[in-house]
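One structure below.
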Amino acid sequence: MPLIDLASDAATQPTPPMRAAMAAAPVGDEQRGEDPTTAALEERVAALLGQEKALFLPSGTMANQIAFLVHCRPGDEILCAANAHVYGSEGAGAAVLAGAQLRPIETGSGIFTAATAEAALRTPRARSPRSRVIAVEQTTNRGGGLIWAEHALREMRALADRHGLALHMDGARVMNAAVAAGVPAADFGAPCHSVWLDLSKGLGCPVGAVLAGSAAFIEEAWVWKHRLGGAMRQSGILSAAGLYALDHHIDRLAEDHANAAELAAGLSQVPGLTVWPAVTNLVFIDTSASGIPAAALMAELAREGLRIKAEGAFLLRAVTHLDISAAEIIRATTLIAQTVARLRGQPGG
Ligand SMILES: *Cc1c(COP(=O)(O)O)cnc(C)c1O
């Protein structure tokens with residue numbers, strides 16, 4: 001039986017037509033501004049996210065870090081959710097690279113209000129860190145794939161403007177948010193000073209992220225891209241996958257959301273499991289009522305050919321994507337239900 005990989009939407013494989021588009025891409029030296037395919041991708045993404053300019057990068061992690069490097073001086077402070085990727089999953093990059101301090105805001109959903117952010121701002125004085133950036137995640141990864149509403153982002157932008165801060169969006173799954181909400185991605189991108197989308201998650205590309213912002217922001221971002229070794233040469237081979245994904249892999253994210261809703265509905269019937277509402281392509285499964293540790297369930301399912309990820313002692317995450325069919329969702333649901341029943345029947349299970 002083939003492996004069903006629900007551990008991450010980063011698992012997607014480039015499709016044959018995507019590979020064909022990559023092979024056929026016209027390319028040039030990106031560092032000299034001569035790669036037409038990368039230039040085309042940057043232009044498309046800037047418009048898509050409601051920004052002036054954009055910059056192709058090797059990864060979303062680099063997009064977050066370059067944004068912080070441009071926005072911050074050493075000693076500055078970045079507000080973010082305590083369960084944000086920038087706080088827990090980027091090797092403390094903001095501290096190491098920008099010399100900035102992350103200020104985590106406790107929020108299970110990953111979403112916080114402008115009032116909460118305002119209460120966390122520092123009084124300007126010599127001994128305090130300087131509040132500088134508000135970082136939001138669209139969708140909230142560990143918050144359950146929830147969507148920051150446009151009005152919430154506009155309020156956050158107004159707060160940022162009042163205090164001279166930058167609003168940054170980690171848009172790893174901003175296209176999932178746009179498709180699920182049925183609005184243009186620019187509704188979410190335009191209120192931000194900087195925003196990026198990941199090509200290598202739900203959009204199904206092998207590599208890449210695109211960071212967008214004002215022309216002045218992107219000019220500075222270019223300096224950091226080069227300094228960090230992220231400037232490439234014939235990157236059009238990679239950007240072509242991005243252009244292909246923008247044409248063919250956005251509307252279909254709705255299938256991933258339908259599959260996630262189906263999985264959540266099926267698993268919510270399983271005794272011992274509590275499932276968070278699936279809004280986009282992330283499904284969180286709480287096993288605490290069953291007494292089965294997440295790591296034990298994960299290991300047992302892996303033996304059966306199903307990969308999902310333990311996110312906490314009694315919490316697992318399943319992610320739907322391009323390479324997961326509706327039939328596989330049915331098989332996965334059955335497999336999880338059977339495995340939970342079996343583990344619950346065991347002493348100590
Ligand atoms: C995956 C992810 C990133 C990092 O993106 P990479 O392209 O893997 O470096 C950042 N933020 C969130 C919310 C993510 O899910």
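Note that ligands are numbered from 1 as they come in the structure, with each ligand's atoms numbered from 1 the same way.
- Not a single N or O atom of A172, backbone or side chain, sits closer than 3.5 Å to an N or O atom of ligand 1.
- When each of R344, R342, R307 is paired with E300, the salt bridge (Lys or Arg N to Asp or Glu O under 4.0 Å) condition holds for R342 and for no other.
- Checked by atom type, the side-chain pair T38/S235 shows a donor-acceptor distance below 3.5 Å.
- Applying the 4.0 Å criterion to heavy atoms of D198 picks out, from ligand 1, the atoms 5 (O), 6 (P), 7 (O).
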Notebook entry, point to check: Is there a salt bridge (Lys or Arg N to Asp or Glu O under 4.0 Å) between D9 and R173 once you walk through the steps?
Noted result: CA-CA 10 Å; D9 42 6; R173 296 185 181 82; 2.8 Å; yes
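- Listed by number with element, the atoms of ligand 1 under 4.0 Å from a non-hydrogen atom of E137 are 13 (C).
- Here is the list of ligand 1 atoms found below 4.0 Å of a heavy atom in E90: 10 (C).
- None of R103, R132, R130 except one satisfies the salt bridge (Lys or Arg N to Asp or Glu O under 4.0 Å) rule with E77; the exception is R103.
- Side-chain atoms of H163 never come within 3.5 Å of backbone atoms of L165 as a donor-acceptor pair (strictly under, hydrogens ignored).
- Residue M169 is tested with L197, V195, N64 for a side-chain contact (heavy atoms from CB on, under 4.5 Å); the sole match is V195.
- D170 OD2, 2.5 Å is the protein heavy atom nearest to atom 11 (N) of ligand 1.
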Margin query: Let's go through E42 and R44 carefully: what are the C-alpha distance in whole Å and the side-chain angles of both, what is the deciding distance for salt bridge (Lys or Arg N to Asp or Glu O under 4.0 Å) to 0.1 Å, and is it a yes or a no?
Written below: CA-CA 5 Å; E42 290 171 342; R44 282 274 299 272; over 6 Å; no
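- Closest to atom 9 (O) of ligand 1, if we only count protein heavy atoms, is T61 OG1, 2.7 Å.
- Both the backbone and the side chain of S59 come within 4.0 Å of ligand 1, judged by heavy-atom distances.
- In this structure, the protein non-hydrogen atom closest to atom 1 (C) of ligand 1 is K201 NZ, 1.3 Å.
- Contact annotation for N141 and ligand 1: only side-chain heavy atoms (C-beta onward) come within less than 4.0 Å of the ligand.
- Distances shorter than 4.0 angstrom do not occur between any heavy atom of M62 and any atom of ligand 1.
- Residue R173 has at least one nitrogen or oxygen atom sitting less than 3.5 Å from a nitrogen or oxygen atom of ligand 1, judged on distance alone.
- Contact annotation: the side chain of M232 never approaches that of Q31 to less than 4.5 Å [non-hydrogen atoms, C-beta and beyond].
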